[in-house]
Undergrad: 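First, the structure itself, so that you have it in front of you.
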Number of protein chains: 2
Amino acid sequence: MKQHIFLTRRPETLPTWNAAFPNARLMPYPTSDSALAKSGEAIIWLHIAGDKPDPALLVQESALAAPGCAVVVLSNVPSDEEGLAVLEAGAVGYTNSLAVPEVLRQVAAVVENGGLWVGPSLMQRLIAGMATRSGQINNGQLGKLSAREREVALAVAGGASNKEIARRLQISERTVKAHLTAAFERLGVRDRLQLSLLINGLPSPAAEFQKTVH
Amino acid sequence: MKQHIFLTRRPETLPTWNAAFPNARLMPYPTSDSALAKSGEAIIWLHIAGDKPDPALLVQESALAAPGCAVVVLSNVPSDEEGLAVLEAGAVGYTNSLAVPEVLRQVAAVVENGGLWVGPSLMQRLIAGMATRSGQINNGQLGKLSAREREVALAVAGGASNKEIARRLQISERTVKAHLTAAFERLGVRDRLQLSLLINGLPSPAAEFQKTVH
DNA sequence: GGCCTACCTGCCCTTTGGTTCAATGGCAGT
DNA sequence: ACTGCCATTGAACCAAAGGGCAGGTAGGCC
């Protein structure tokens, strides 16, 4: 059972958090990085109220201050856009700050197992948006990769950086590079950009360019 | 605690299911609709082995036979495409049929709370695919760039390195970088990979649309 | 037991990519 | 003549990507 740290601007709010995790630590925000850094393995619950500071930035700062910790965002006014932003920034969970304790524990269990938690609403949108063009992904190529390599390769094909991938998969950046190097080798490409083109099934590399210079 | 009903063609398989839910009911598949109908509130675990019958259809049949019940799909050979298909068809969960009891209970808990469960791999793809598109629905795209910037951007979108572009356009590598920096700025992307995705029309449905009308 | 593969990571290095702070010259419009 | 945009480039710099070497775990197979 990991430790739970709630970062918030209003420490007095939301007794539901304590109901969910009696042994949770409540820290005012902003917090000194050092305080977070030595907290070890923990789940950071980042409470965002307004959009004054960019939520995505807050996530990245928190992740930076507490390396190895999963960051879950609690929003007062959840929206799909905000959820998308924080998840892209490396958060592994996004939910309503008023969620009942049961749901909070649920989220905690999921992220502890290396999962990602998003609400039903956002999830539906993700699925709907993806379904329309899922056929374009090149799977013959992906079959050549191991499970982990495939995960990394797909993230790269989506435009993610090594750091982001490491954060999402809870592995070191070095390991991401290792998987990528293996993927490049197996698929016969030289870098992440060509990997992206291959996976996304796009016209042969440099074809567009050739047209412009012929 | 809801009831758990496992639908499978091979009732003898997978003791892990019973380990996860000792009080589960195992029903051979296909099942008479009536038997399912009177089961009341339950979670239907639909075990699919091959792709002989369309998994998506099976989900819809099950959902029809047992109204109000959540349907979770267990696949012997999980793939992102299959997952996408069954989730679209109305399933609220998709995971490996060999998943350990802990994960199964995890899934059950999530769907009982009205959540949707997808595996990390598929989730990764959903996020990666969706994330980059948040921001630019306005695709003036290449039109926003100067002639030279467009040339360089297209070359990058095709997978070329700065050095290659410099050589083929007969300019210095430094100039290539200058054009690229300008292009990133104008298109609102952060690096060459995202530029590639944007230009190639992957990030946004709107981009696809623009391409088809012009 | 060895052997293989997948997976994970450290340290350290080179290469590439990207930016900052400049400068120069052409070319069009007012 | 002045202003603005564009193309071009250098030097220097920092960050990201990629890979070599070395090591660790864990599981499957013979």
Side-chain angles (χ1 to χ4, degrees), chain A residues 41 60-61 63-64 67-68 89-90 113-114 142-199 205-206 212-213, chain B residues 96 98-100 119-121 124 140 142-199:
Chain A
E41 281 239 325
Q60 289 173 334
E61 286 172 12
L64 218 60
N113 289 356
L142 288 174
K144 297 179 182 174
L145 305 179
S146 76
R148 209 55 163 162
E149 287 160 6
R150 186 160 43 239
E151 283 184 88
V152 175
L154 282 168
V156 163
S161 71
N162 289 346
K163 207 180 297 269
E164 290 169 338
I165 299 171
R167 172 110 212 107
R168 287 179 194 168
L169 297 187
Q170 295 281 294
I171 57 181
S172 78
E173 203 174 326
R174 179 65 186 87
T175 306
V176 174
K177 291 178 180 180
H179 286 314
L180 272 182
T181 300
F184 295 158
E185 161 73 22
R186 294 194 189 192
L187 298 180
V189 296
R190 70 158 181 246
D191 58 31
R192 55 173 50 260
L193 185 38
Q194 298 202 338
L195 174 70
S196 163
L197 294 174
L198 183 65
I199 290 180
T212 68
V213 280
Chain B
N96 197 317
L98 299 171
V100 295
S121 163
Q124 196 61 51
L142 294 172
K144 291 181 178 176
L145 306 179
S146 74
R148 207 56 163 162
E149 286 161 3
R150 184 160 43 240
E151 282 184 275
V152 175
L154 280 171
V156 164
S161 71
N162 289 348
K163 209 181 297 270
E164 288 169 340
I165 300 170
R167 191 165 54 242
R168 289 145 88 178
L169 290 185
Q170 298 284 307
I171 56 180
S172 80
E173 201 175 331
R174 175 65 187 83
T175 308
V176 174
K177 290 181 177 182
H179 288 313
L180 272 183
T181 300
F184 295 158
E185 160 75 22
R186 296 195 183 189
L187 297 180
V189 296
R190 71 161 180 242
D191 57 33
R192 55 178 45 233
L193 184 40
Q194 298 202 337
L195 174 71
S196 163
L197 293 175
L198 184 66
I199 289 181

Undergrad: Take the protein atom CZ of A:R192 and the nucleotide atom C1' of D:dG18, then report the distance between them rounded to whole Å.
TA: 9 Å

Undergrad: Could you state the CD-P distance from B:E151 to D:dA7, rounded to the nearest angstrom?
TA: 9 Å

Undergrad: Decide if atom CD of B:E185 counts as having more than 12 heavy atoms of other residues, nucleotides or ligands within a radius under 6.0 Å.
TA: no

Undergrad: Would you kindly give the CG-to-C1' distance between B:L180 and D:dA16, to the nearest whole Å?
TA: 15 Å

Undergrad: Would you say B:R148 reaches D:dC6's phosphate, i.e. side-chain N/O to OP1/OP2 under 4.0 Å?
TA: no

Undergrad: Is A:E164 salt-bridged to B:R190, cutoff N-O under 4.0 Å?
TA: yes

Undergrad: Check B:E173 with B:R167, please: is the shortest side-chain N to carboxylate O separation under 4.0 Å?
TA: no

Undergrad: Can you check the A:E185 CD to C:dA6 C1' distance for me, whole Å?
TA: 16 Å

Undergrad: Under 4.5 Å between any side-chain heavy atoms of A:V152 and A:L145, yes or no?
TA: no

Undergrad: Side-chain N or O of B:K163 versus OP1/OP2 of C:dT16: is the shortest distance under 4.0 Å?
TA: yes

Undergrad: Would you indicate which nucleotide in D:dG18, D:dG10, C:dG17 comes nearest to any side-chain atom of A:T181?
TA: D:dG18

Undergrad: Atom CG of A:N162 and atom P of D:dG19: how far apart are they, to the nearest Å?
TA: 11 Å

Undergrad: Separation of A:L195 atom CG from D:dA17 atom P, in whole Å?
TA: 13 Å

Undergrad: Please give, in whole Å, the distance from D:dT8 C1' to B:E149 CD?
TA: 12 Å

Undergrad: Heavy atoms from C-beta onward define the side chain here; which of C:dG18, D:dA7, D:dG18 lies closest to that of B:A147?
TA: D:dA7

Undergrad: Can you check the B:Q194 CD to D:dA16 P distance for me, whole Å?
TA: 13 Å

Undergrad: I want to confirm an ordering. Mapping A:L193 and B:A178 to their closest nucleotides on DNA chain D, which one lands closer to the 5' end?
TA: B:A178

Undergrad: Using a cut-off of less than 4.0 Å, is there contact between a side-chain N or O of B:R174 and OP1 or OP2 of D:dT8?
TA: no

Undergrad: Taking only side-chain nitrogens and oxygens of B:S146, does any of them come within less than 4.0 Å of OP1 or OP2 of D:dC5?
TA: no

Undergrad: Establish, with yes or no, whether the OP1 or OP2 oxygen of D:dA16 is under 4.0 angstrom from a side-chain nitrogen or oxygen of A:S161.
TA: no

Undergrad: Measuring to OP1 and OP2 of C:dT9, would you say a side-chain N or O of A:S172 lies under 4.0 angstrom away?
TA: yes

Undergrad: Check whether any side-chain nitrogen or oxygen of A:R186 sits under 4.0 Å from OP1 or OP2 of C:dA6, and answer yes or no.
TA: yes

Undergrad: Using the side-chain heavy atoms of A:E173, tell me which of these nucleotides is nearest: C:dG18, D:dT8, D:dA17.
TA: D:dA17

Undergrad: Could you check whether any side-chain heavy atom of A:V156 comes within less than 4.5 Å of a side-chain heavy atom of A:I165, counting everything from C-beta outward?
TA: yes

